[in-house]
Amino acid sequence: MSTTKTISAQLRGVITQKNNGAFTVSTPTGSRNCPLTARLRRESGGELAVGDEVSVDAAGQIDALLPRRNWISRRSAAPMPGAHTHEQLIAANLDQVVPVFAAANPRLAWHLLDRYLVSAESAEIPALVVITKFDLAAGRPEADEIEQVAAEYRALGYPVLLTSTLDGSGLEAFRAALHGKRSLLVGKSGVGKTSLLNALEPGLGLRVQATNAVTGKGRHTTTAATLLPLAAGGAVIDTPGIREFGLWDVDGADLAWFFPEMRPHLDRCRFGLDCRHAEEPGCAVRKAVTAGLISPYRYQSYLKLRYDP
Ligand code: ZN
(Lines give C-alpha, C1' and ligand atoms only; values in the text may rest on other atoms or scores of the structure.)
Protein backbone atom coordinates (compact mmCIF):
# COMPACT_ATOMS: atom_id res chain seq x y z
CA MET A 1 0.00 0.00 0.00
CA SER A 2 1.45 3.36 -0.95
CA THR A 3 1.82 6.12 1.61
CA THR A 4 -0.56 8.37 -0.28
CA LYS A 5 -3.26 5.74 -0.25
CA THR A 6 -2.82 5.16 3.51
CA ILE A 7 -3.29 8.83 4.25
CA SER A 8 -6.32 9.20 2.01
CA ALA A 9 -7.96 6.21 3.68
CA GLN A 10 -7.42 7.65 7.14
CA LEU A 11 -10.07 9.41 9.11
CA ARG A 12 -9.39 11.72 12.04
CA GLY A 13 -11.55 11.53 15.13
CA VAL A 14 -11.86 12.06 18.87
CA ILE A 15 -12.42 9.26 21.39
CA THR A 16 -15.69 9.89 23.19
CA GLN A 17 -15.91 6.67 25.18
CA LYS A 18 -13.99 3.53 26.11
CA ASN A 19 -15.84 0.25 25.76
CA ASN A 20 -13.95 -2.80 26.98
CA GLY A 21 -10.88 -2.60 24.77
CA ALA A 22 -12.57 -0.72 21.92
CA PHE A 23 -13.35 2.97 21.64
CA THR A 24 -16.19 5.10 20.39
CA VAL A 25 -14.65 7.58 17.98
CA SER A 26 -16.47 10.66 16.78
CA THR A 27 -15.43 11.36 13.17
CA PRO A 28 -16.64 13.80 10.51
CA THR A 29 -18.72 10.93 9.09
CA GLY A 30 -20.32 9.92 12.37
CA SER A 31 -19.55 7.91 15.48
CA ARG A 32 -18.16 4.42 15.23
CA ASN A 33 -16.84 1.72 17.52
CA CYS A 34 -13.17 1.08 16.76
CA PRO A 35 -10.67 -1.43 18.12
CA LEU A 36 -6.93 -0.64 18.08
CA THR A 37 -4.64 -2.14 15.47
CA ALA A 38 -2.40 -4.84 16.93
CA ARG A 39 0.61 -2.58 16.45
CA LEU A 40 -0.94 0.37 18.30
CA ARG A 41 -2.17 -1.91 21.08
CA ARG A 42 1.38 -3.17 21.50
CA GLU A 43 2.91 0.32 21.41
CA SER A 44 0.39 2.10 23.62
CA GLY A 45 -0.47 -0.76 25.97
CA GLY A 46 -4.09 0.05 25.13
CA GLU A 47 -3.81 3.24 27.16
CA LEU A 48 -5.91 5.67 25.19
CA ALA A 49 -8.22 8.15 26.83
CA VAL A 50 -11.45 9.96 26.18
CA GLY A 51 -10.50 13.18 24.40
CA ASP A 52 -7.60 11.58 22.55
CA GLU A 53 -7.32 12.51 18.88
CA VAL A 54 -6.74 9.46 16.73
CA SER A 55 -6.69 8.34 13.14
CA VAL A 56 -8.83 5.47 11.93
CA ASP A 57 -7.70 3.28 9.03
CA ALA A 58 -9.78 1.95 6.16
CA ALA A 59 -10.56 -1.21 8.16
CA GLY A 60 -12.14 0.90 10.92
CA GLN A 61 -9.30 0.39 13.38
CA ILE A 62 -7.52 3.10 15.33
CA ASP A 63 -4.02 3.07 13.88
CA ALA A 64 -2.44 6.18 15.39
CA LEU A 65 -2.66 8.39 18.45
CA LEU A 66 -1.98 12.07 17.81
CA PRO A 67 0.16 13.96 20.33
CA ARG A 68 -1.67 14.93 23.53
CA ARG A 69 -1.72 18.56 24.61
CA ASN A 70 -2.32 17.52 28.23
CA TRP A 71 -4.06 14.83 30.25
CA ILE A 72 -5.45 14.01 33.68
CA SER A 73 -4.65 10.74 35.41
CA ARG A 74 -5.46 9.35 38.77
CA ARG A 75 -3.81 6.68 40.88
CA SER A 76 -5.91 3.56 40.50
CA ALA A 77 -6.93 1.72 43.60
CA ALA A 78 -4.96 -1.50 44.05
CA PRO A 79 -7.24 -4.37 42.97
CA MET A 80 -6.22 -6.34 46.07
CA PRO A 81 -4.14 -5.64 49.18
CA GLY A 82 -0.46 -5.61 48.36
CA ALA A 83 -1.03 -5.15 44.64
CA HIS A 84 0.60 -2.24 42.87
CA THR A 85 -1.33 0.85 41.96
CA HIS A 86 -0.97 2.21 38.47
CA GLU A 87 -1.74 5.25 36.40
CA GLN A 88 -5.28 5.45 35.16
CA LEU A 89 -5.81 7.93 32.36
CA ILE A 90 -9.07 9.81 32.74
CA ALA A 91 -9.14 12.23 29.82
CA ALA A 92 -6.86 14.07 27.41
CA ASN A 93 -6.70 17.40 25.55
CA LEU A 94 -8.65 19.46 28.07
CA ASP A 95 -9.27 23.19 28.34
CA GLN A 96 -10.37 23.07 31.97
CA VAL A 97 -11.03 20.81 34.93
CA VAL A 98 -14.35 21.54 36.66
CA PRO A 99 -14.62 20.23 40.22
CA VAL A 100 -18.31 20.12 41.19
CA PHE A 101 -19.42 20.22 44.82
CA ALA A 102 -22.80 20.61 46.50
CA ALA A 103 -23.26 23.43 49.01
CA ALA A 104 -25.05 20.87 51.21
CA ASN A 105 -26.29 17.28 50.96
CA PRO A 106 -23.54 16.02 50.87
CA ARG A 107 -21.58 18.51 52.98
CA LEU A 108 -18.92 20.42 51.09
CA ALA A 109 -15.49 18.78 51.32
CA TRP A 110 -12.91 21.51 50.72
CA HIS A 111 -10.05 19.09 51.18
CA LEU A 112 -11.25 17.02 48.24
CA LEU A 113 -11.42 20.23 46.20
CA ASP A 114 -7.72 20.83 46.94
CA ARG A 115 -6.97 17.32 45.70
CA TYR A 116 -8.67 18.10 42.36
CA LEU A 117 -6.93 21.48 42.13
CA VAL A 118 -3.49 19.97 42.73
CA SER A 119 -4.22 17.42 40.03
CA ALA A 120 -5.19 20.21 37.60
CA GLU A 121 -2.12 22.28 38.57
CA SER A 122 0.22 19.35 38.00
CA ALA A 123 -1.31 18.82 34.54
CA GLU A 124 -1.12 22.60 33.90
CA ILE A 125 -4.83 22.78 33.14
CA PRO A 126 -6.97 25.70 34.42
CA ALA A 127 -9.69 24.88 36.93
CA LEU A 128 -13.20 26.22 37.38
CA VAL A 129 -14.92 25.43 40.68
CA VAL A 130 -18.69 24.96 40.64
CA ILE A 131 -20.79 24.81 43.81
CA THR A 132 -24.28 23.39 43.20
CA LYS A 133 -27.46 23.47 45.31
CA PHE A 134 -26.52 26.87 46.73
CA ASP A 135 -30.23 27.40 47.50
CA LEU A 136 -29.89 24.76 50.25
CA ALA A 137 -27.37 26.96 52.07
CA ALA A 138 -29.05 30.31 51.45
CA GLY A 139 -29.99 32.13 54.65
CA ARG A 140 -27.97 29.73 56.79
CA PRO A 141 -24.50 30.11 58.37
CA GLU A 142 -23.13 27.70 55.72
CA ALA A 143 -23.82 30.28 53.02
CA ASP A 144 -21.52 32.82 54.68
CA GLU A 145 -18.82 30.22 55.12
CA ILE A 146 -19.06 29.15 51.48
CA GLU A 147 -19.00 32.77 50.24
CA GLN A 148 -15.93 33.44 52.38
CA VAL A 149 -14.01 30.34 51.27
CA ALA A 150 -15.05 30.97 47.64
CA ALA A 151 -13.51 34.45 47.92
CA GLU A 152 -10.27 32.87 49.17
CA TYR A 153 -10.11 30.51 46.18
CA ARG A 154 -10.88 33.37 43.79
CA ALA A 155 -7.97 35.29 45.32
CA LEU A 156 -5.76 32.30 44.46
CA GLY A 157 -6.86 32.56 40.83
CA TYR A 158 -9.55 29.87 40.75
CA PRO A 159 -12.94 31.09 39.54
CA VAL A 160 -15.77 29.82 41.77
CA LEU A 161 -19.39 29.76 40.62
CA LEU A 162 -22.21 29.45 43.14
CA THR A 163 -25.13 27.87 41.31
CA SER A 164 -28.64 26.64 41.88
CA THR A 165 -30.73 24.79 39.33
CA LEU A 166 -33.73 25.60 41.53
CA ASP A 167 -33.58 29.40 41.28
CA GLY A 168 -31.27 29.54 38.24
CA SER A 169 -28.54 31.54 39.97
CA GLY A 170 -25.05 31.19 38.50
CA LEU A 171 -26.24 29.17 35.51
CA GLU A 172 -25.66 31.89 32.93
CA ALA A 173 -22.09 32.31 34.17
CA PHE A 174 -21.65 28.51 34.09
CA ARG A 175 -22.88 28.33 30.49
CA ALA A 176 -20.55 31.16 29.47
CA ALA A 177 -17.57 29.52 31.23
CA LEU A 178 -18.11 26.24 29.36
CA HIS A 179 -18.78 27.80 25.97
CA GLY A 180 -16.36 26.61 23.28
CA LYS A 181 -14.20 24.69 25.78
CA ARG A 182 -13.61 21.05 26.53
CA SER A 183 -14.34 20.62 30.24
CA LEU A 184 -13.70 17.63 32.47
CA LEU A 185 -16.30 17.47 35.25
CA VAL A 186 -15.14 15.78 38.45
CA GLY A 187 -17.13 15.28 41.62
CA LYS A 188 -18.77 12.64 43.73
CA SER A 189 -22.17 11.28 42.86
CA GLY A 190 -25.02 13.15 44.49
CA VAL A 191 -23.53 16.60 43.97
CA GLY A 192 -26.07 17.32 41.24
CA LYS A 193 -24.00 17.04 38.08
CA THR A 194 -26.94 15.62 36.10
CA SER A 195 -29.21 18.55 37.00
CA LEU A 196 -26.38 20.97 36.26
CA LEU A 197 -25.82 19.46 32.81
CA ASN A 198 -29.55 19.49 32.09
CA ALA A 199 -29.57 23.16 33.00
CA LEU A 200 -26.64 23.73 30.67
CA GLU A 201 -28.42 22.13 27.76
CA PRO A 202 -31.84 20.44 27.88
CA GLY A 203 -31.47 16.65 28.02
CA LEU A 204 -27.67 16.69 28.33
CA GLY A 205 -27.59 15.22 31.82
CA LEU A 206 -29.99 12.51 30.75
CA ARG A 207 -27.81 11.68 27.74
CA VAL A 208 -24.84 11.32 30.08
CA GLN A 209 -26.84 9.06 32.37
CA ALA A 210 -28.00 6.93 29.45
CA THR A 211 -24.48 6.37 28.12
CA ASN A 212 -23.21 5.63 31.60
CA ALA A 213 -25.93 3.08 32.16
CA VAL A 214 -24.65 1.20 29.11
CA THR A 215 -20.98 1.32 30.10
CA GLY A 216 -19.00 1.76 33.25
CA LYS A 217 -21.15 -0.18 35.68
CA GLY A 218 -19.39 -2.55 38.01
CA ARG A 219 -15.98 -2.32 36.39
CA HIS A 220 -12.86 -1.89 38.41
CA THR A 221 -10.20 -1.42 35.79
CA THR A 222 -11.98 0.93 33.43
CA THR A 223 -12.80 4.55 34.08
CA ALA A 224 -16.23 5.40 32.81
CA ALA A 225 -15.92 8.75 31.11
CA THR A 226 -18.06 10.14 28.34
CA LEU A 227 -17.39 13.08 26.07
CA LEU A 228 -20.51 14.88 24.92
CA PRO A 229 -20.40 17.80 22.51
CA LEU A 230 -22.31 20.93 23.47
CA ALA A 231 -24.71 22.40 20.93
CA ALA A 232 -23.26 25.86 21.61
CA GLY A 233 -19.69 24.64 20.96
CA GLY A 234 -17.26 22.82 23.17
CA ALA A 235 -17.81 19.57 25.05
CA VAL A 236 -18.14 18.16 28.54
CA ILE A 237 -16.57 14.97 29.81
CA ASP A 238 -18.38 13.45 32.75
CA THR A 239 -16.71 10.89 35.01
CA PRO A 240 -19.36 9.13 37.05
CA GLY A 241 -17.26 6.01 37.66
CA ILE A 242 -14.59 7.79 39.66
CA ARG A 243 -15.08 7.45 43.39
CA GLU A 244 -11.52 7.98 44.58
CA PHE A 245 -9.13 10.48 43.11
CA GLY A 246 -5.61 9.50 44.14
CA LEU A 247 -2.89 11.80 42.88
CA TRP A 248 -0.67 10.27 40.26
CA ASP A 249 2.87 11.33 39.53
CA VAL A 250 2.87 14.19 42.04
CA ASP A 251 6.19 13.89 43.80
CA GLY A 252 6.16 14.85 47.48
CA ALA A 253 8.88 17.42 46.84
CA ASP A 254 6.80 19.03 44.07
CA LEU A 255 3.49 19.08 45.93
CA ALA A 256 3.90 22.54 47.50
CA TRP A 257 4.55 23.96 44.02
CA PHE A 258 1.00 22.97 43.05
CA PHE A 259 -0.36 25.28 45.78
CA PRO A 260 0.12 28.61 43.96
CA GLU A 261 0.15 30.62 47.21
CA MET A 262 3.11 28.57 48.51
CA ARG A 263 5.31 29.15 45.46
CA PRO A 264 6.71 32.57 46.48
CA HIS A 265 7.93 31.10 49.79
CA LEU A 266 9.52 27.86 48.63
CA ASP A 267 13.04 29.14 48.06
CA ARG A 268 13.13 30.84 51.47
CA CYS A 269 13.02 27.73 53.69
CA ARG A 270 16.21 27.17 55.66
CA PHE A 271 16.54 23.65 54.25
CA GLY A 272 15.69 24.83 50.76
CA LEU A 273 14.29 22.16 48.48
CA ASP A 274 14.73 19.51 51.17
CA CYS A 275 12.13 21.21 53.37
CA ARG A 276 8.89 19.24 53.65
CA HIS A 277 7.24 22.32 55.21
CA ALA A 278 6.18 20.20 58.20
CA GLU A 279 8.36 20.23 61.33
CA GLU A 280 11.51 21.80 59.90
CA PRO A 281 12.92 24.88 61.64
CA GLY A 282 13.11 28.00 59.49
CA CYS A 283 10.28 26.88 57.18
CA ALA A 284 9.08 29.89 55.16
CA VAL A 285 5.78 28.20 54.27
CA ARG A 286 4.84 27.67 57.93
CA LYS A 287 5.91 31.21 58.67
CA ALA A 288 3.55 32.43 55.93
CA VAL A 289 0.71 30.38 57.46
CA THR A 290 1.35 31.98 60.87
CA ALA A 291 1.48 35.42 59.24
CA GLY A 292 -1.93 34.80 57.64
CA LEU A 293 -0.55 34.80 54.08
CA ILE A 294 -1.54 31.15 53.51
CA SER A 295 -4.88 29.73 54.66
CA PRO A 296 -4.42 27.21 57.49
CA TYR A 297 -7.02 25.01 55.77
CA ARG A 298 -5.03 24.92 52.54
CA TYR A 299 -1.90 24.17 54.55
CA GLN A 300 -3.72 21.26 56.25
CA SER A 301 -4.73 20.02 52.81
CA TYR A 302 -1.10 20.17 51.77
CA LEU A 303 -0.01 18.08 54.78
CA LYS A 304 -2.82 15.59 54.20
CA LEU A 305 -1.88 15.16 50.53
CA ARG A 306 1.78 14.90 51.42
CA TYR A 307 1.14 11.86 53.61
CA ASP A 308 -1.83 10.43 51.75
CA PRO A 309 -1.48 11.29 48.06
ZN1 ZN B 1 9.49 24.81 54.29
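Order of appearance sets the numbers: ligands from 1, and atoms from 1 within every ligand. These numbers were taken from a predicted model, which means no experiment stands behind them.
Salt-bridge formation is not detected for the pair R39/D63: no Lys NZ or Arg NE/NH1/NH2 atom is positioned less than 4.0 Å from an Asp or Glu carboxylate oxygen.
Here the Zn ion (ligand 1) is the vertex; the SG atom in C283 and the SG atom in C275 give an angle of 110° (to 10°).
Between Y302 and H277, the ring-plane angle classifies as tilted under the 30° and 60° cut-offs.
For H277, the N, O or S atom closest to the Zn ion (ligand 1) goes by the atom name ND1.
Contact annotation: C269 places an N, O or S atom under 2.8 Å from the Zn ion (ligand 1).
If you chain together hydrophobic residues whose side chains sit under 4.5 Å apart, L113 and Y299 never meet in one group.
Exactly one of Y153, Y297, F101, Y158 qualifies for a ring-ring contact (aromatic ring centres under 6.0 Å, His included) with W110. That residue is Y153.
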